[in-house]
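Just so we're on the same page: letters track the sequence lines, and every chain starts at 1.
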There are 2 protein chains.
Amino acid sequence: MEEEVENILQKGGELFHPGLSVDCVIFGFHDNQLKVLLLKMKHADKWALPGGFVYKEEEVEHAAVRVLQSRTGLGNIFLRQFHTFGSPSRSDRKLNRELLVSLDLEAHENHWFLQRFITVGYYALVNFSSAVPRPDATSEACAWWDLQDMPPLAMDHNHILQQALETLRKQLNDQPVGYNLLPEKFTMPELQRLYETILGKQLDRRNFQRKMLGYGILDRLEERKRGVAHKAPYLYSFNKEKYAAALQDGLQQGW
Amino acid sequence: MEEEVENILQKGGELFHPGLSVDCVIFGFHDNQLKVLLLKMKHADKWALPGGFVYKEEEVEHAAVRVLQSRTGLGNIFLRQFHTFGSPSRSDRKLNRELLVSLDLEAHENHWFLQRFITVGYYALVNFSSAVPRPDATSEACAWWDLQDMPPLAMDHNHILQQALETLRKQLNDQPVGYNLLPEKFTMPELQRLYETILGKQLDRRNFQRKMLGYGILDRLEERKRGVAHKAPYLYSFNKEKYAAALQDGLQQGW
DNA sequence: TTTACATTGTGTCAATAAGACACAGGATAT
DNA sequence: ATATCCTGTGTCTTATTGACACAATGTAAA
């Protein structure tokens with residue numbers, strides 16, 4: 001594992017597009033909370049967004065797909081580019097130098113890893129339960145963090161996360177957000193919590209249901225949720241065709 | 001002029017962040033039409049979006065500001081990043097090689113200008129009449145093109161333009177689009193044409209006026225437009241403070 | 001000078017959507 | 001049995017949207 005990192009850090013200059021990386025904000029939804037997948041860095045006491053480099057002849061988005069796949073084990077994930085971050089001051093060269101030094105690698109000025117990096121930000125929506133968080137070679141842990149309770153992040157990753165969130169909010173009506181974040185079957189209250197978490201505000205239960213059903217993109221199943229200490233809610237699932245069709249025109253406006 | 005280009009192409013490897021560029025979609029509005037500023041390339045029979053490279057320690061956005069300034073003569077322009085284009089196939093190395101050759105420059109494989117380029121796309125909204133189009137060193141012309149009647153564009157610039165337009169459409173309610181594209185004083189029909197052009201559809205004259213005035217961001221001036229062969233429309237101007245305030249919450253939804 | 005024309009300013013009415021709220025139903029916990 | 005807590009559904013009011021009619025007013029033509 002360590003060897004792999006050393007290898008990449010040494011040969012990176014030949015392998016990767018110079019000064020370019022991708023960072024992924026991976027959203028999940030669990031326990032009625034929006035979650036983000038983070039990595040605990042080995043050589044610094046900070047958490048960071050999963051990221052990676054772009055091979056010289058690789059699609060940038062494909063690099064993001066690789067990151068997604070290797071951190072969650074999932075393929076075919078909903079993924080969208082949202083912003084590119086390129087401030088010269090965002091690259092923490094000191095931090096990167098420390099990583100090189102900690103691995104007994106030569107940290108000369110021109111080392112590709114110590115240059116300024118531009119990073120393309122992607123956000124992903126994944127099914128929380130299907131994902132299996134796996135740290136990468138430079139991390140000692142990979143875990144979901146509650147959006148309400150984030151640790152300090154490395155470099156400008158906090159800023160990147162905020163931008164991703166804002167984008168998610170704005171795209172709530174254009175993108176199949178619910179479809180990608182929820183399990184196959186879910187209840188109306190669960191869907192509502194998801195919207196409330198993303199929007200950061202409370203919604204009226206009854207009006208929410210009316211509007212959501214109005215889109216005609218949900219199928220109500222015969223089944224009801226079991227094991228709850230009150231009236232059992234119905235289970236719903238997305239009607240994939242109708243959802244896709246409705247998104248063409250945008251899901252009405254206004255949450 | 002030619003010398004300047006040669007100089008840049010030779011020293012670019014030391015000056016610029018490798019494999020990175022910016023491209024600007026500069027929108028203007030004139031004669032009730034949405035316009036885009038394009039450059040006619042010298043060494044190819046195609047038009048292209050104004051673009052440039054990013055200095056090693058320069059903010060990416062600042063590179064875009066430089067492009068804006070040098071193509072239009074304008075400073076303090078409304079500018080937004082909208083997408084980053086990074087497909088390996090987007091770089092037209094053949095085209096770039098031809099440019100080098102045409103300038104009698106050595107076109108070896110490793111020349112910085114012949115590498116793959118990632119480009120960050122920005123769109124700008126400018127006051128058509130204030131802008132003074134100026135070609136850059138590699139262009140023989142710089143001119144406004146009607147959006148309805150675009151020439152073939154180089155590389156993936158057509159795709160970039162389409163993305164910019166789509167972004168503009170979606171941001172019509174979040175961004176001060178009218179404020180930046182129209183002159184100080186304008187009529188309601190002019191504002192409506194602008195919205196219609198961006199949205200690509202007709203709007204009802206009376207409902208448009210009601211909704212627009214409803215925002216409370218316009219000041220109606222005493223003046224009326226003169227020299228028109230029919231009833232003279234009022235002139236309006238944006239109330240900067242109220243506009244800024246209204247945009248905080250987003251301008252309602254739904255056009 | 002009068003009239004035709006094109007386009008603007010303003011208002012109304014109906015249909016639709018959004019916001020606020022009340023009450024009955026049903027599964028577990030005591 | 002019954003209390004509790006949340007769910008399912010309906011109604012009433014208000015705000016927004018869409019469709020449309022008519023009077024007003026500058027130039028151009030007669």
Given R193(A) and E196(A), is the salt bridge (charged side-chain N to carboxylate O under 4.0 Å, His left out) satisfied, shown in steps?
CA-CA 5 Å; R193(A) 299 293 162 265; E196(A) 289 178 335; 3.2 Å; yes
From CG of N207(A) over to C1' of dT13(D), roughly how many Å is that when rounded to an integer?
12 Å
Rounded to whole angstrom units, what separation is found between the CG atom of D204(B) and the P atom of dG9(C)?
14 Å
Contact between K46(B) and L153(B) at the side-chain level, heavy atoms closer than 4.5 Å - yes or no?
no
Of the candidate nucleotides dT7(D), dA22(C), dA19(D), which contains the atom at the shortest distance from the side chain of K231(A)?
dT7(D)
How many whole angstroms separate atom CZ of R220(A) from atom P of dG8(D)?
8 Å
Figure out the CE/C1' separation between M188(A) and dC6(D), and round it to whole Å.
15 Å
Could you tell me whether the side chain of R210(B) has a donor or acceptor atom within less than 3.5 Å of a complementary atom in the base of dG9(C)?
no
Could you check whether the rings of Y123(A) and F78(A) sit parallel, tilted or perpendicular, using 30° and 60° as the cut-offs?
tilted
Rounded to whole Å, please give me the gap between CZ in F208(B) and C1' in dC20(D).
19 Å
Do any side-chain atoms of residues 63-70 of chain A form donor-acceptor pairs under 3.5 angstrom with protein atoms, and if so which ones, sequence neighbours left out?
unit_1	atom_1	unit_2	atom_2	d
R66(A)	NE	E58(A)	OE2	2.7
R66(A)	NH2	F53(A)	O	2.8
R66(A)	NH2	E58(A)	OE1	2.9
R66(A)	NH2	E58(A)	OE2	3.3
S70(A)	OG	R66(A)	O	2.6
S70(A)	OG	V67(A)	O	3.2

For dG26(C), does OP1 or OP2 lie under 4.0 Å from any side-chain N or O of R226(A)?
no
Taking OP1 and OP2 of dT17(D), is either one under 4.0 Å from a side-chain nitrogen or oxygen of K211(B)?
yes
On DNA chain D, compare the nucleotides closest to A232(A) and A232(B); which residue's is nearer the 5' end?
A232(A)
Expressed as a whole number of angstroms, how long is the span from L203(A):CG to dG19(C):P?
9 Å
Would you call E166(A)-R169(A) a salt bridge at under 4.0 Å N-O?
no
In whole angstroms, the gap separating C1' of dA21(D) from CZ of R205(B) amounts to 11 Å
Between the side-chain atoms of R206(A) and the base atoms of dA18(C), is any donor-acceptor pair under 3.5 Å?
no
Which residue lies more 5' along DNA chain C, comparing V228(A) with P233(B) via nearest heavy atoms:
P233(B)
Considering just the side-chain nitrogens and oxygens of Q209(B), establish if one lies under 4.0 Å of OP1 or OP2 belonging to dT8(C).
no
Just the rounded figure in Å: distance from C1' of dG8(D) to CZ of R224(A).
8 Å
